[in-house]
Protein chains: 2
Amino acid sequence: MVAQLIAHIEKQVTLSAEDKAFMEELLAPTLLNKKQFLFKAGEPCRARYFVLEGCLRLYITNSKGTDQMIQFGINNWWITDYMSFKSKKPSVFNLQAVTNATIIAINEAQQEELLTKIPQLERYFRLVLETAYGASLMRFNYIFNMSGEERYRFFSNLFPDFVQLVPQYLIASYLGVTPEFLSKVRAKKV
Amino acid sequence: MVAQLIAHIEKQVTLSAEDKAFMEELLAPTLLNKKQFLFKAGEPCRARYFVLEGCLRLYITNSKGTDQMIQFGINNWWITDYMSFKSKKPSVFNLQAVTNATIIAINEAQQEELLTKIPQLERYFRLVLETAYGASLMRFNYIFNMSGEERYRFFSNLFPDFVQLVPQYLIASYLGVTPEFLSKVRAKKV
DNA sequence: GTGTTTTCTTAATCAAGATTAAGTTTTTTG
DNA sequence: CAAAAAACTTAATCTTGATTAAGAAAACAC
């Protein structure tokens, strides 16, 4: 299953047979049960996580006690709290499995080893982050320039399967609307 | 002035004297006049830009014809449209100087040369992007969990000088409110 | 330094979506 | 499979902040 991560890396940089063997030896997939936490707010985030299968969510519990979705993590995406992982300070976020999931976690020690032995990975992670950051700039555009209804229709058009897969109230939160409002929009069935 | 960029890089990675000399030779600062564009929507973004002095803005003109701020670029920050720069496709954004500004532009050819001769820069850019992406996740938190008024008070508390420096309607747009609303909030003077 | 453009303010009206409060359906669990 | 928990729906009321429309004040340009 580490092969899936290796394949993802090889889309960006070249890996020798040794590199790959080293990765296979160092890394192993982890199975997560639905609702299992990787870390909770108040704890530091100790790794970066690559999603092989299933769905994770990064969210924050706000001052009113309601959960706000920040980011979904699905197939072949990295998800983590970079701030906390880097600083080793407690995270303000929670990272939880939405469905049963398979991930590869890379903690600090493993990251050190990997980046030392396979320096091309610096480039790989740079490219991954450029894509993620670019996508997040587009998300600001959607948030500010579309209504809640438009955001939902756009999103469910882009990820029709995903919308079926995770609870609606998580989609609502990710889009910045209430579940009640989303329900109303869906009922229109335009 | 390239020294300022070098200093920024040396906070993250080690550069040899040759590395620095090479950078000084390859790169040069560019002066921008207030309102000058680096690229407009429809044109590809051909470089990444490091702000030495002054302020840039990345914004998008929406379907109603109004401008929506996406990102400010100030002192020691990188700003670009990574999507467009990477794909060479037209950008949907505009990148413009808000004030007179001094920047260092790194185009694709220069980037190639730099990353080949100074491979540590891969790591530097990775770290820069982790910070930027981490900050953008926090911005989603602020957008979703704070009212427009709270966002303004929080922002102007965090960057009191900056709020004085750029037109209010740009701050309003960045925070996702209208200039009229921001004016009302400021009038309260609580 | 005066005319023009840009920016900011005030105030009335309006709308998108939140809140509240049940009630219903679906899923999970023992 | 029955009870409990989780997820979804409906509808009435309410609120934040948008829109519209002037007008005032700064900033710029000739």
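In what follows, chains are A, B, ... by sequence order, proteins preceding strands, each numbered from 1.
Across the helix from C:dG1-D:dC30 to C:dG30-D:dC1, the helix axis at one end is tilted relative to the axis at the other end by 60° (nearest 10 degrees, each axis from five pairs).
At least one donor-acceptor pair closer than 3.5 Å links the side chain of A:S84 to the backbone N or O of A:K89. Side-chain N or O atoms of B:S183 include none that pairs as donor or acceptor with a backbone N or O of B:E180 at under 3.5 Å. A:Q68 places no side-chain N or O within donor-acceptor distance of the main-chain N or O of A:N62, the cut-off being under 3.5 Å.
Aromatic pair B:Y174/B:F155: centroids less than 6.0 angstrom apart. A centroid separation of less than 6.0 Å is found between the aromatic rings of A:W78 and A:F125.
The nearest whole Å value for the distance from the CZ atom in A:F144 to the C1' atom in D:dA18 is 15 Å. To the nearest angstrom, C1' of D:dA18 lies 9 Å from NZ of B:K64. Rounding to whole angstrom units, CG of residue A:D67 and P of D:dA6 are separated by 13 Å. One can place CD of B:E180 at 16 Å from P of D:dG23, the figure rounded to the nearest angstrom. When the P atom of D:dA7 is taken as reference, atom CD of A:Q164 falls 16 Å away, rounded to whole Å.
Few gaps surround CD on B:Q168; more than 12 heavy atoms of other groups in view lie less than 6.0 Å from it. Annotation: B:R139, atom CZ; neighbour count of heavy atoms from other residues, nucleotides and ligands within 6.0 Å is above 12.
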Would you tabulate the nitrogen or oxygen pairs shorter than 3.5 Å linking the protein to nucleotides 13-17 of chain D?
{"unit_1": "D:dG17", "atom_1": "OP1", "unit_2": "B:G148", "atom_2": "N", "d": "2.7"}

Write down the protein N/O and nucleotide N/O pairs, taken from nucleotides 25-28 of chain D, whose separation is under 3.5 Å; answer none if there are no such pairs.
{"unit_1": "D:dC28", "atom_1": "OP1", "unit_2": "B:K34", "atom_2": "NZ", "d": "2.9"}

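Both B:K35 and B:S183 lie close to DNA chain C; mapped to their nearest nucleotides by heavy-atom distance, the more 5′-ward contact belongs to B:K35.
Pairs engaging residues 85-112 of chain B under the ring pair (Phe, Tyr, Trp, His ring centres under 6.0 Å) rule: none recorded [sequence neighbours left out]. Residue pairs meeting the ring pair (Phe, Tyr, Trp, His ring centres under 6.0 Å) criterion with at least one partner in residues 7-32 of chain A, sequence neighbours excluded, are A:H8-A:F50, A:H8-A:Y124.
Contact annotation: A:Q168 side-chain N/O to D:dA6 OP1/OP2 distance is not under 4.0 Å.
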Step-by-step side-chain contact (heavy atoms from CB on, under 4.5 Å) determination, B:Y152 to B:V163: CA-CA 10 Å; B:Y152 173 69; B:V163 170; 3.8 Å; yes
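One distance of note links CZ of B:F37 with CD of B:Q96; it measures 3.5 Å at 0.5 Å rounding.
Nearest heavy-atom pair across B:L56 and B:A101 is CD2-CB, 4.0 Å.
The footprint of chain A on DNA chain C, defined by a heavy-atom cutoff below 4.0 Å, extends from C:dG17 to C:dT28.
Ring-plane geometry between B:F162 and B:F72 is classed as perpendicular, the angle between the planes exceeding 60 degrees on a 0 to 90 degree scale with a lower cut at 30.
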